[in-house]
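Heads up, the thing below is written out as structure tokens.
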There are 4 protein chains.
Amino acid sequence: MSSRKAAPPAPRRDPAATRDALIAAATAEFARMGFAGARVDEIAASAGVNKQLVYYHYGSKDGLYQAVLEAVYGALREKERALSLEDLPPAQAMAQLVGFSFDYLSAHPEFISLLSDENRQLGQHVASSQPVRRMHTPFVEMIDRTLQRGVAAGVFRPDYDAVNLYISMAGISYFYFSNRHTLSVIFGKRLDAKVALAQRRRHVVEFTLNALRPD
Amino acid sequence: MSSRKAAPPAPRRDPAATRDALIAAATAEFARMGFAGARVDEIAASAGVNKQLVYYHYGSKDGLYQAVLEAVYGALREKERALSLEDLPPAQAMAQLVGFSFDYLSAHPEFISLLSDENRQLGQHVASSQPVRRMHTPFVEMIDRTLQRGVAAGVFRPDYDAVNLYISMAGISYFYFSNRHTLSVIFGKRLDAKVALAQRRRHVVEFTLNALRPD
Amino acid sequence: MSSRKAAPPAPRRDPAATRDALIAAATAEFARMGFAGARVDEIAASAGVNKQLVYYHYGSKDGLYQAVLEAVYGALREKERALSLEDLPPAQAMAQLVGFSFDYLSAHPEFISLLSDENRQLGQHVASSQPVRRMHTPFVEMIDRTLQRGVAAGVFRPDYDAVNLYISMAGISYFYFSNRHTLSVIFGKRLDAKVALAQRRRHVVEFTLNALRPD
Amino acid sequence: MSSRKAAPPAPRRDPAATRDALIAAATAEFARMGFAGARVDEIAASAGVNKQLVYYHYGSKDGLYQAVLEAVYGALREKERALSLEDLPPAQAMAQLVGFSFDYLSAHPEFISLLSDENRQLGQHVASSQPVRRMHTPFVEMIDRTLQRGVAAGVFRPDYDAVNLYISMAGISYFYFSNRHTLSVIFGKRLDAKVALAQRRRHVVEFTLNALRPD
DNA sequence: CATGAATGAGCATTCATTCAT
DNA sequence: GATGAATGAATGCTCATTCAT
């Protein structure tokens, strides 16, 4: 039924490679089909490993799903950390962060699909993941410090709190991508067209900075 | 050994009532479980009707899902129309719209779940729905006119286009609700707490108006 | 793999016949393989019905197993009732009962296999079966009355209680059949040989009557 | 991405201890779950050894099961031999044997479960076990001699043969324990209650001696 | 002797859908 | 319009067994 099966068969007797192949295949399958729609059979086949290894290494479909969420969150936050926002002037740092968020979400539709589905399931897998919780502490602190620096320098309004500001900044990019299919129908316009994407990128940066700038 | 029974009395009901019950049950089930996770059996049972009626009235699980999407979109857009933004000064109209979006999404988590899942499926059901397409034409025009009025009156920046503006306005509310479970974990804070909600509502209105206001 | 599949395909659209065919097939399969070893696939196939009907009619493998136990217990107790022991003189009644038990167990090895397996599972299915409980009330009363009649007539010892007496009477036949394979190995002698069976039948009747007779 | 580790230190243990642990664990697991229901994984885990050792030491699940049967039969027959029935007067010897059988079965429910399951499987493991066959020769001879002594002394009826007599004596205890769960339901009375057990023990001894005593 | 990883067939159960009435 | 019975392809997961070290 499936004509993909891209990944080369995982080398035998290499458990780490087996796990890597499973996570990669599962990321794609869970994103494409959702947790409920994904098939363990399909994941194993496209990872080129025996299906039972899913259970050997991850215990269950849920365990694999949680491992996938940890992997994709980890990848995003690592790249974010690499932006070194602390070394930039506040406005520039914020512009960087907004732009990066947009580009990352644009390049990683599977991340959006996974998060959307996880939230429809009330975030149960993330809630029970210690790693996810842990990896976000430094991230929240970074946002907070950047906002404070901007307020202190008089370039940001003083009336936003870091959490709401971040959610707004992330939301204007996330919603564009997460709902691109229904929005495209509603507005009768392909949101993933090259021009539309470029225009949107400029918009989100400007919109955010305009909203941040004091009167 | 096997005993035959007389034909059971055929319990007849109002077909419109049957359809309404199915849509209501399906809306809840699809929102809670996603399209793939929802069970036709469960929907029929919770609607109190025979499973076969799903196929009689809607042809398939997909047909029912599409009918649900049309129903929830229709309900939202109807309420939006009732805001009569055209009769308000532009800034006030925009504030109204942002506040309404926030309140509606807050009150209708099932709408968010359905849209998220539909987008994960690449919007295939909405794409093939004529009604959905049709009901959005007046809505897009309304946004556009309100923006133009504000620009003409000098109270809005002239550099936003209506589509991007609407997506940003909607996105800062939508993302907050659609991703509330993962965001709550990340920020270590319940986003659905009463105080958090009130604070967020103020934030989205101010953030939008600040971004709209010319320098 | 299996070369049986004796039962003719159950006529379609006759639920009672479907259930009967399932019970018959399940009785044989559970007896031969035990609860854990039995395969739902095999049962459905040999009943000539769709596997899913097991779940439609009995809910689960456990539900089917319980229905089988009720069926085989019901069949035995019904035949026992037909003995009309109440109409016979006590000693003759007891001899009848012992002989009947021997013959029934001899003719129904599946009954023994089912009970043995059920007891290895701590009797959980029987314990939760109202029908099994109910059908035994008259049976216990019958044993009791027959014993009392014999004691009153001076032909039975007065020092046995009905429950223990019945268990002993049943046990000397049951154990012979239930453990015939290991006993055959131990004694180096086929217990199911015709001569051995006839000799055993005489033994169990005499042994019981000897034990009952007063000094 | 995949990191190789140095070979883990090989934890060596006494092979005899490994075998003993496996037999003990397997006895419990096979008794509780039956042959088909028992899990090799579970046995190895509860024995605290690597699963592969089951195959190293016993070849297969069947091989392990056979070893368990040999072990439990051996233990019983050894204790029986220790009764030294040959040194007692015949009636006393028979009473001893019956009482011992009752007590042993009462104390070893796993023995009953194993035999019941083995018989449901047509005794195939025992049939192919030379040790089981061998260990029973002296036992059968002992029963026979005791019976003959009693007949010669005029304290036993001359009309029983040793095999049938033994099966009856064993059966009245065995059946009580092997079917205690279903019998408890049928009679509405816990057969494993202390009082019931004491009463049953008296019953089986008296019932047997009464049946043996000449008129 | 002993271990962790891997295999392939199978297992109870589920599910969207259809049929006969 | 509506019902209970039936279907066939899966679906997540298990299990005895084997491999490589």
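Below, chain A is the first sequence line, B the second, and so on; all start at residue 1.
- Take the nearest nucleotide of DNA chain F for D:Arg39 and for B:Asn50: the residue whose nucleotide is more 5' is B:Asn50.
- Distance B:Lys51 NZ to E:dA16 C1': 7 Å, rounded to the nearest Å.
- The residue among A:Arg19 and C:Ala38 whose nearest nucleotide of DNA chain E lies closer to the 5′ end is A:Arg19.
- Summarising the geometry, the separation between CG on B:Asp41 and P on F:dA10 is reported as 19 Å, rounded to the nearest angstrom.
- Atom CG of C:Leu22 and atom P of E:dA12 are 14 Å apart (whole Å).
- Of the residues in residues 52-71 of chain A, those with a non-hydrogen atom less than 4.0 angstrom from any atom of DNA chain F are A:Gln52, A:Tyr55, A:Ser60, A:Lys61.
- A:Ala44 comes within contact range of no nucleotide atom at all, as no heavy-atom separation falls under 4.0 Å.
- At a threshold of 4.0 angstrom between heavy atoms, the contacts of C:Ala36 with the nucleic acid are absent.
- Taking the side chain of A:Pro15 as heavy atoms from C-beta on, and the options E:dA6, E:dA2, E:dA16, the nearest nucleotide is E:dA6.
- For the strand DNA chain F, secondary-structure stems (runs of at least three Watson-Crick or G-U pairs, all distances below 3.5 Å) span E:2-21 with F:2-21.
- Atom CD1 of A:Ile43 and atom C1' of F:dA10 are 15 Å apart (whole Å).
- Atom CG in C:Asp14 sits about 8 Å away from atom P in F:dA6, given to the nearest Å.
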